Structures are given as structure tokens and as C-alpha cells.
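Okay, structure first, notes after.
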Amino acid sequence: MDLIYRSTRNDNETATASEAILKGLANNSGLFVPTKVPALDVTFDELVKMDYRETAYAVMKQFLTDFTEEELKYCIDHAYDDKFDCEEIVPIVKAGGAYHLQLFHGSTIAFKDMALSILPYLLVTSAKKNNVKNEIVILTATSGDTGKAALAGFADVPGTKIIVFYPKDGVSPIQEKQMVTQRGDNTYVIGIKGNFDDAQTGVKNMFSDTELAKEMNAAGYQFSSANSINIGRLVPQIVYYVFAYARLVEKGVVKAGEEMNVVVPTGNFGNILAAYYAKQMGIPVKTLVCASNENKVLFDFFQTGTYDRNREFILTSSPSMDILISSNLERLIHKIAGESAEKNAAFMASLSSEGVYTITEEMKANLSDFVGEYASEEAVAKMIKKIYEEDNYIMDTHTAVAAQGYAQYVEETGDTTPTVIASTASPYKFTRSVMNAIDPAYDTKTDFELVDELCAISGVKVPQAIEDIRSAAVLHDTVCDKTEMLAEVKKILGI
């Protein structure tokens, strides 16, 4: 029987997996959640023998139940191919006493590749299954990584256009160069004068604009999303936590059935929510450590039960986490509110109007799987230097937030459970911050001189994604005010 998805804000709005993927966002800005999290139907012994593609099928078939085996395996096989620069797809490396799950071996060297390599295939398949004739417009806000990964995934995919908004002064130079040099006749990149939350709010407003939807339909278009609000983004992320556990068993780090901890550097909450779903599926996860940077709205939430975005927005060296409105947290709020769309909608209305909400004590008790930690800018830099000097291993700034969060968690609890850290980006994506952490003298060099220095001290080959943008021409130079996002979309679509 097909697994059904329901809106977090309206119990009566339901969809199949393919319908939810196509739509991206439910009505009234709700998010689609499965009516139940399905259990894995394979044993740990079977998981250990599976490669990444086989693991992906074992996980995703449970969630995407209206896809045939042939359709789903086609999507998986075409997503996880030689776009990844290592055969294992997601290797695990021990450093700093934890196991770093390297999620950055795809074509844009960030964890978003894990889901955005497959989303275009899932979306095109969903469109065929639902007899969609409109051209699909992928509308996305990015804090740095989703944008490039989505652009790369959807570039020149027939029947689609992709429009990406990013904060003009809120991403790293490498992240920006990756986006503005993107080729593809169907790709559009726009910088906004504002922060990521402004971009995300503008995108959500367009999704919920019924008049705009009518205009677009008349012109032969309809929106979908490549953000992690799309269940087609979230489900593929569950896979790598299942895969990580199987690798720990294979390495003899844990015995089948023994627990692991997971630490995730967290901004929009989708990546750690995927780990939570993996636990719900049957993977023995003891504690989920949610690691924040100085924009510690999630840390404060787990400490107090109050989510409050009314605070200064801080630009940090981990820009993909510079977020004060964590969209995917809504899926967890819905869950701990007894899956009550009415209760969840009230919290989200309060967040929209007042910028704050406080959950009940009963709901807070349902957060026992999670622990919040946060890392200051100074602590992040020190952690990068420490792990480099002790283990000769170089991590990016986001991974360093997680590594610092892990160190604090162990110090506070004494918990020595084997731990997986979600390593979300290559250090090559944030070379200046990483190299300055190792030695401030590097700051006098240009961005691409730093790339070569990083290669020299790490012994890790410069990724093709970086080589490709050394001399690439800027193809997208549009910048607009955050109030002009709708006008820019209409201009692109000619409506």
C-alpha cells in the first residue's frame, strides 16, 4: 500500500510521494510529512554487504512507494555515478576521535549533492507519472551550497527552469563563483540585498501566492522546490546515515545493534532531521547532536523550548548555517505536537507574526533524542587548527562547528559512544577561512593561491569543481532588492 504524505498545517491535504515531490511545498506553506516513518525491511547483516546504490534503494523504496522498482533504480543509478570522485560515494575517515562521514565527493563538493544529484530524476519521473504538461520552475533560496548543487543537477534538464536566489554578501567567494559561472540555458541566479532568511521568505511567499500560481498555469508553468522543504530532497539524505551505520559495523567499530551518536552542523534542520528519520527506521542512534554556529537559534530552542528568531543575524565563517528560520524544524514540531496540524500551524503563525513560539513541557519531553551545542567563531578556527596539527586532517568550517559541538558534548556528558560527524563540505569550498585558521599569514594570498596552498599542505587533490571555476566567465550578474524577487521571477518567465 502506498505511503501517504500529509501537510504539517492541514490534516486534509494529502499527497502521494510523487505528488509531494512535484509540489514541493504544501498549501498554506505547510511541509509534506509521511503519515508514518516506515521501518527498514533488511537486516543489519544485509546492509553491511550493500554498496551505496543498493542502500539507497533499500531506504527510498520505503518512502517513495508509488515509484516502480525500475523507476527508482533508474533514478538512483543515474544519480550516484561518476559525478562522484570516489567509488564508495561516501567514505568515512576517523579524525579527532570521531568518524567523519565525507558527504562532499559530488560534483559541487558539498553534502547537497547527495540529494540534488537524484532530485531532477525523481522530479521528471514524478511529472510523467502525474501527466504534468507544464514546464516545471524550480524556485530555490540558498545559503550557499543548495544553489550550486541544484543548478548543476537541473542544468539543461528538459521541461524545467531553475531560479536560485542567494544573499549577495552572505556566501563565500568560492560559493558565489560556483553559482554565477553556472552554464545552462534554463539556469538563472540572482543575488539579493538581504540575508538567507529574506531569500527563503520571498520564495515561500511565491509558493503560497495563489494568483501567481494562476498566472503561471495560464502561461504553462508550475513551481517546485529544490530546497530541503521538498520531501524529494529529504528522503535521499536519510540514506547516508543508514550507510554510515553499516560501515561502522563493517569496520568493527560497533556490533550490529549497538548504538552510534550522530553530530550534524545544522542551519535549516533538514540534514539532522534525516538522521532522526534514520533512527525512526530502525538504525540504532543514541543521541543526535545539533551543532549551531553563532546564529544559535536552534541551540537556544533545545535548551529552553522557545524558538526566537528576534535576534541579530551574524555573518560567520560557516555561511551555509547563517539561518534564523530553520524551515525543516517544522516537521519535527508537527511530530512532537502529536502530529496535530492545528497545533503546528498555530506555532508557525506565531513565528511569522511575532518571531517566536514556545512549545509545551510535554512536547519538550519528546525532544529527548536531541542535544544542542554551539561553537563560537574562535572555537571553530581553533578546532580546524587542532585537528590539522594532531591528525593531519583538514576540515571545512561547517564540519568544524560539528567537531567543536562533539568535543563539548563529550566533555559535558562523558559519553564515549562511537560517533559519526556529518562532514558537509570540502575545505576547498571555504579556503580562506580554513587556511586563516591554520595560519593567519595566509590571508595575504588570493583565493586561488589559497587553493594551491591547501593542496600542498593537505596532500588532497584540488577537486574538479574548483578547477572548473578558476577562469570561468561570470554568466549571472543580476542583483535585486529582497522586495523585487517576484518581479525578477515574472521577468524570467515573461508573465
Side-chain angles (χ1 to χ4, degrees), residues 3 5 17 20-21 33-34 37-44 46-65 67 69 71-81 83-84 86-92 99-108 110-123 125-126 145-146 149-150 153 226 228 230-250 260 262-264 269-285 288 328 331 420-424:
L3 181 64
Y5 291 80
I21 289 168
V33 289
V37 176
L40 282 166
D41 67 350
V42 292
T43 66
F44 294 138
E46 289 172 315
L47 275 175
V48 169
K49 296 171 185 169
M50 292 181 179
D51 65 17
Y52 195 84
R53 295 173 196 84
E54 291 165 336
T55 307
Y57 180 70
V59 172
M60 293 172 66
K61 72 176 184 181
Q62 300 294 89
F63 283 93
L64 310 182
T65 52
F67 284 67
E69 179 178 352
E71 287 169 338
L72 192 49
K73 285 185 172 177
Y74 175 87
C75 294
I76 289 166
D77 290 344
H78 283 75
Y80 305 115
D81 58 10
K83 290 190 288 294
F84 290 82
C86 65
E87 193 174 337
E88 198 171 8
I89 307 294
V90 182
I92 293 183
Y99 295 86
H100 288 242
L101 185 66
Q102 293 188 339
L103 300 170
F104 51 77
H105 287 274
S107 58
T108 76
F111 82 102
K112 306 295 174 80
D113 287 323
M114 301 308 304
L116 283 164
S117 293
I118 194 168
L119 182 61
Y121 294 100
L122 295 176
L123 196 63
T125 303
S126 296
D145 288 336
T146 286
S228 54
N230 192 321
I231 201 71
R233 262 284 304 276
L234 193 56
V235 168
Q237 291 180 273
I238 301 167
V239 175
Y240 46 73
Y241 294 109
V242 176
F243 186 73
Y245 184 74
R247 297 290 72 76
L248 291 192
V249 174
E250 182 185 45
M260 69 174 181
V262 177
V263 187
V264 186
F269 207 75
N271 203 8
I272 196 166
L273 184 67
Y276 175 72
Y277 280 173
K279 177 173 182 171
Q280 302 283 303
M281 291 191 84
I283 296 300
V285 176
L288 294 155
N328 271 289
R331 286 185 163 112
V420 167
I421 287 177
S423 185
T424 52

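What you see is a predicted model; the values in this text were computed from it and never measured.
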Which distance, rounded to the nearest 0.5 Å, do you find between the CD1 of Ile76 and the CG of Asp81?
12.5 Å
Below 4.5 Å, heavy atoms only, C-beta onward: do Tyr241 and Val262 meet side chain to side chain?
yes
How about Tyr80 and Met114: do any of their side-chain heavy atoms sit closer than 4.5 Å?
yes
For a quick test of reading the model, state the closest non-hydrogen atom pair linking Pro236 to Leu122 and the distance between them.
CG-CD1, 4.4 Å
Between CG of Asp145 and CG of Leu103, what distance do you get to the nearest 0.5 Å?
11.5 Å
Might you point out which heavy atoms bring Thr55 and Met50 nearest each other, and give the distance in Å?
OG1-CB, 3.6 Å
Nearest heavy atoms of Ala58 and Val42, plus distance in Å:
CB-CG2, 4.4 Å
Just so I know, are the side chains of Val239 and Val90 near enough to count as touching, which here means a heavy-atom distance under 4.5 Å?
no
Please report the interatomic distance CE(Met260) to CZ(Arg247), rounded to the nearest 0.5 Å.
11.5 Å
Distance (rounded to the nearest 0.5 Å) between Arg331 CZ and Tyr277 OH
6.0 Å
Does Asp113 use its side chain to pair, donor to acceptor, with the backbone of Ala149 at less than 3.5 Å?
no
Between Thr65 and Leu3, is there a donor-acceptor pair closer than 3.5 Å when you use the side chain of the first and the backbone of the second?
yes
Over 60° means perpendicular and under 30° means parallel, so classify the ring planes of Tyr121 and His78, tilted if in between.
tilted
Please lay out, stage by stage, how Leu64 and Ile21 fare under the test side chain to side chain contact (heavy atoms under 4.5 Å, CB included).
CA-CA 10 Å; Leu64 310 182; Ile21 289 168; 4.1 Å; yes
Could you check whether any side-chain N or O of Gln102 sits under 3.5 Å from a backbone N or O of Ser423, counting only pairs where one atom can act as donor and the other as acceptor?
no
Evaluate Val33 against Ile231 for side chain to side chain contact (heavy atoms under 4.5 Å, CB included), listing each step before the verdict.
CA-CA 7 Å; Val33 289; Ile231 201 71; 6.0 Å; no
Does Lys279 use its side chain to pair, donor to acceptor, with the backbone of Val285 at less than 3.5 Å?
yes
May I ask you to test the Gln237-Leu273 pair for a side-chain heavy-atom distance under 4.5 Å?
no
Go through it in stages, so that I can follow the logic: the residues are Leu40 and Leu47, the test is side chain to side chain contact (heavy atoms under 4.5 Å, CB included), and I'd like the CA-CA distance, side-chain angles, deciding distance and then a yes or no.
CA-CA 10 Å; Leu40 282 166; Leu47 275 175; 4.2 Å; yes
Can you see whether Tyr57 has Arg53 sitting over its ring - NZ or CZ less than 6.0 Å from the centre and within 45° of the normal?
no
Does the side chain of Thr146 come within less than 4.5 Å of Arg233's, by heavy atoms?
yes
Nearest non-hydrogen partners of Asp51 and Phe243, listed with the distance
C-CE1, 3.9 Å
Can you check whether Phe63 reaches Ile238 side chain to side chain, under 4.5 Å on heavy atoms?
yes
Rounded to the nearest 0.5 Å, how far apart are OG of Ser126 and CG of Leu119?
8.5 Å
Identify the heavy atoms of Asn271 and Ala422 that sit nearest to each other, and give their distance.
ND2-CB, 4.3 Å
Taking the side chain as everything from C-beta on, heavy atoms only, tell me whether Val264 gets closer than 4.5 Å to Phe269.
no
Taking all atoms of both residues into account, what is the closest heavy-atom pair of Pro38 and Met281, and its distance?
O-CG, 3.2 Å
Kindly indicate whether the side chain of Ile283, heavy atoms from C-beta on, has any atom under 4.5 Å from the side chain of Val59.
no
To the nearest 0.5 Å, what is the distance between OH on Tyr245 and CG on Leu248?
8.0 Å
Counting N and O atoms only, with roles assigned by atom type, does the side chain of Tyr240 sit under 3.5 Å from a partner on the main chain of Ala275, one being a donor and the other an acceptor?
no
